Amino acid sequence: MKQNLFVYNTLTRKKEEFKPLNPPHVGMYVCGPTVYSDAHMGNSRTYISFDLIFRYLTHLGYKVRYVRNITDAGHLEGDADEGEDKISKKAKLAQLEPMEIVQKYTVGFHEVMELLNILPPSIEPTATGHVIEQIELVKEILKSGYAYEVDGSVYFDVEKYSSSHDYGILNGRNLEDLLNNTRNLGGQQDKKGKLDFALWIKAKSEHLMKWPSPWSVGFPGWHLECSAMSNKYLGGQFDIHGGGLDLVPTHHTNEIAQNMASCGKIPANYWLHTNMLTVNGQKMSKSLGNSFLPHELFSGNNSILNKAYSPMTVRFFMLQAHYRSTLDFGNEAMEASEKGFKRLMNAFDLIDDLKASSSTDVEIKPLLNRCYEAMNDDFNSPVLIAELFEASRIINSVYDGKLKIDEDNLQLLKQLMKSFVLDVLGLKDEQAAGDDLPQLLNFIVNLRNEAKSNQDYATSDKIRDGLQKIGFQLKDTKEGTNWTKI
RNA sequence: GGUCAGGUGGCCGAGCGGUUAGGCACAGGUCUGCAAAACCUGGGACAGCGGUUCAAAUCCGCUUCUGACCUCCA
């Protein structure tokens, strides 16, 4: 943990040295999915980005408590009073229990996370499991005077809060701007101010998901759950709060207001936000119709895709861009990543076959330092990957006998590759061969070598090309013939 | 309309005052029976126009284009 890690903090709009409140412990809260439909690739990018952050902090030796919620109630369609809960709406349409919807999409979400090799968080709390905590939080905010009740619903009073607090602290906008630029929505007659947002919503009789509370039988507002659950599992003040960039102006802004009103503290010291995945320069979103699902990408089953791409290709593609930059999806870029990823993993597979020499042509220490420098600079994975390609060049050269490496440097090189490729970037080899496959292949390769030594190239080429077609590549070297799975 | 981000070679994408990442594609070479892979070499870019500076893709100004947010959104 001797590294000086710098992170970009949305709250201060600059890079700051990361200093946890209680080292070696780190508390991190990331806003998770609303499970009313399948998460698309853009959503997945955020979870890959925070997986990288989680993995690097862990690699540095921090004991991270990573909380990522599941929103299974309270997320409204639109911000108006009569806005319907997204899950309730879907349940009615499908004629299912809301919890059936929740279960279906939660399971699907976990499957995708596993395919992308995204580690599960330490705690994955649900909104429905914390209604009591949310009701308590509403009581606190009412007690502090920053909320008011109208006909069974409770609203946060943004204008009153603004008189003593900086409501726009996270997105740097002042109240006047916000007021002048907020559109008038229908069905908000209960609210005193147009920026006010719901903490508790009285349910209409046909509403499916509702709970008793001191104000009405109803359900909690969307922003409330994150305040309640982060507080419960990480305390009133913790280290990192994250989510997609699009959560800054509303969700996170309101979350901070709720916490300030109830505890008097901004919940997290560092606010990290991941940028969007775009398609032809436009944000991927369901409403624009340019989104696609992870499974479509993995199967190639979408008109936008030229072919299928494996989960690790997708992960690698995303890690080749910095998490705070937009990343534009394209078939050409995906194919480039697919080839690059194979190149990296082929080199990775060779490290255990490398032989040490008594002298060395390469020094690994500076390379290792550069890997850490890259990650310490706000988790700069694209620069890290560039360094890993330099490591790959060294591995290939040593393997080909073009460079010499001594035992110390070889050990360092192995450690570097294993730590950064596997642990930090979370990449894994997707084409591991079965146990009996090597024997089988060696047998075929020997057969081909016999043909070759008889100058029966017709046969030897037939074997080589045949193996190539089913995914095995032969490589003739001075020491003999090797094969790799492609 | 308001606010905020960006425009980097054929594509994706780092860099953000001096030494021009990286991957893919392309060209030449080494190796090979021929290949593939690998390695070596190479070309090419910083939206436009001004300004600051010994020095600018990087700082400042203007123009232009694109996007995000302001409404649910990762």
Side-chain angles (χ1 to χ4, degrees), chain A residues 13 30-34 36 39-50 75-80 83 86 168 171-174 176-183 185 195 222 242-251 273-278 280-288 291 316-317 320-322 324-344 346-347 350 370 374 377 380-390 392-393 395-397 399-403 452 455 457 460-461 464-465 468 473-478 482-484 486:
Chain A
R13 294 165 172 242
V30 172
C31 294
T34 301
Y36 71 107
H40 64 234
M41 273 326 301
N43 302 314
S44 301
R45 185 184 180 202
T46 294
Y47 306 122
I48 289 176
S49 297
F50 282 104
H75 201 152
L76 298 182
E77 294 275 350
D79 204 26
K86 286 187 173 186
N171 64 349
R173 304 193 61 174
N174 61 46
E176 228 169 81
D177 275 352
L178 291 168
L179 282 170
N180 290 338
N181 289 301
T182 301
R183 296 175 202 177
L185 297 168
L195 291 176
W222 174 39
L245 201 58
D246 48 3
L247 297 181
V248 171
T250 310
H251 183 58
H273 292 98
T274 58
N275 215 137
M276 302 292 111
L277 179 67
T278 61
N280 298 320
Q282 274 197 313
K283 174 180 173 177
M284 176 179 287
S285 76
K286 246 194 287 196
S287 50
L288 280 171
S291 69
F316 185 74
F317 167 71
Q320 271 188 302
H322 186 87
R324 278 193 295 115
S325 302
T326 54
L327 170 62
D328 201 43
F329 177 87
N331 281 288
E332 222 181 324
M334 283 304 298
E335 279 170 42
S337 285
E338 184 174 57
K339 289 184 183 165
F341 175 61
K342 276 184 184 161
R343 202 164 109 73
L344 180 67
N346 282 342
L350 292 177
R370 275 182 272 134
D377 183 15
N380 198 328
S381 55
V383 170
L384 169 63
I385 288 172
E387 301 298 349
L388 294 178
F389 276 113
E390 168 67 11
S392 300
R393 211 203 86 239
I395 290 167
N396 286 324
S397 295
Y399 186 77
D400 285 350
K402 290 170 181 157
L403 281 178
K452 248 174 73 174
Q455 308 220 328
Y457 296 124
S460 70
D461 286 359
R464 185 181 62 197
D465 296 346
Q468 174 92 26
Q473 185 168 74
L474 299 189
K475 180 185 173 188
D476 293 329
T477 69
K478 286 183 186 116
N482 300 320
W483 59 269
T484 48
I486 49 175

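In what follows, chains are A, B, ... by sequence order, proteins preceding strands, each numbered from 1. Basis for what follows: all heavy atoms, side chains included, without hydrogens, waters or symmetry-related copies. Note that this is a predicted model, so its numbers are computed, not measured.
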Inset, instruction - State whether A:K339 places a side-chain N or O below 4.0 Å from either non-bridging phosphate oxygen (OP1 or OP2) of B:A25. - result: yes
Inset, instruction - Give a yes/no answer on whether the side chain of A:K342 brings an N or O atom under 4.0 Å of OP1 or OP2 in B:C24. - result: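 For B:C24, OP1/OP2 do not have a side-chain N/O of A:K342 under 4.0 Å.
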Where [X] and [Y] come nearest, the two heavy atoms and their spacing:
| X | Y | value |
| --- | --- | --- |
| A:G243 | A:T46 | C-CG2, 4.2 Å |
| A:Y47 | A:P33 | OH-N, 3.2 Å |
| A:D328 | A:N280 | OD1-N, 3.2 Å |
| A:H273 | A:G244 | CD2-O, 3.5 Å |
| A:N171 | A:R13 | O-NH2, 3.0 Å |
| A:L403 | A:R393 | CD1-NH2, 4.4 Å |

Rounded to whole Å, please give me the gap between [atom1] in [X] and [atom2] in [N].
| X | N | atom1 | atom2 | value |
| --- | --- | --- | --- | --- |
| A:L277 | B:G67 | CG | C1' | 14 Å |
| A:N331 | B:C24 | CG | P | 18 Å |
| A:L247 | B:C70 | CG | C1' | 15 Å |
| A:R13 | B:C4 | CZ | C1' | 7 Å |
| A:E387 | B:G23 | CD | C1' | 13 Å |
| A:N171 | B:U3 | CG | C1' | 9 Å |
| A:R173 | B:C4 | CZ | C1' | 8 Å |
| A:K283 | B:U66 | NZ | C1' | 16 Å |

Legend entry - Comparing A:T46 and A:F316 on RNA chain B - which has the more 5′ nearest nucleotide: A:F316
[N] versus [M] - spacing of their [atom1] atoms, nearest Å:
| N | M | atom1 | value |
| --- | --- | --- | --- |
| B:A45 | B:G10 | C1' | 12 Å |
| B:G2 | B:U63 | P | 13 Å |
| B:C16 | B:C60 | C1' | 15 Å |
| B:C65 | B:C72 | P | 30 Å |
| B:G43 | B:C31 | C1' | 24 Å |
| B:G23 | B:G15 | C1' | 16 Å |
| B:G44 | B:C54 | P | 30 Å |
| B:G22 | B:A55 | P | 28 Å |

Mind checking who [N] pairs with, Watson-Crick or G-U wobble, both distances under 3.5 Å?
| N | answer |
| --- | --- |
| B:A45 | none |
| B:A55 | none |
| B:U19 | none |
| B:G2 | B:C69 |
| B:C24 | B:G10 |

What contact category does [X] fall into here, base, sugar-phosphate, or nothing, at under 4.0 angstrom with non-hydrogen atoms?
| X | answer |
| --- | --- |
| A:K452 | base |
| A:M276 | base |
| A:L403 | nothing |
| A:G42 | base |
| A:F389 | sugar-phosphate |

Polar pairs (N or O, both sides) under 3.5 Å between protein and nucleotides 35-38 of chain B?
residue : atom : partner : partner atom : Å
B:A35   : N3   : A:R464  : NH1          : 3.1
B:A36   : O2'  : A:Q473  : NE2          : 2.6
B:A38   : O3'  : A:N396  : ND2          : 3.1
B:A38   : O2'  : A:D400  : OD2          : 2.6

Legend entry - B:A74 base stacked by A:Y47 (centroids within less than 5.5 Å, tilt under 30°): no
How long is the gap from [atom1] on [X] to [atom2] on [Y], to the nearest 0.5 Å?
| X | Y | atom1 | atom2 | value |
| --- | --- | --- | --- | --- |
| A:S381 | A:Q320 | OG | CD | 9.0 Å |
| A:D461 | A:Q468 | CG | CD | 11.5 Å |
| A:R370 | A:E387 | CZ | CD | 4.5 Å |
| A:D246 | A:N275 | CG | CG | 9.5 Å |

Legend entry - Heavy-atom side-chain proximity of A:K452 to A:Y457 below 4.5 angstrom: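 Yes, close enough: below the 4.5 Å cut-off.
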Inset, instruction - Answer yes or no: side-chain N or O of A:N275 and base N or O of B:G6 forming a donor-acceptor pair under 3.5 Å. - result: no
Inset, instruction - Using the six-membered ring wherever Trp is involved, compare the ring planes of A:F316 and A:F341 and label them parallel, tilted or perpendicular (cut-offs 30° and 60°). - result: tilted
For nucleotides 11-18 of chain B, give me every protein contact, N/O to N/O, under 3.5 Å, one pair per line with atom names.
residue : atom : partner : partner atom : Å
B:C11   : O4'  : A:E332  : OE2          : 3.4
B:G13   : OP1  : A:D328  : N            : 2.9
B:G13   : O2'  : A:Q320  : O            : 3.4
B:A14   : OP1  : A:H322  : N            : 2.6
B:A14   : OP1  : A:S325  : OG           : 3.0
B:A14   : O3'  : A:N380  : ND2          : 3.4
B:G15   : OP1  : A:N380  : ND2          : 3.1

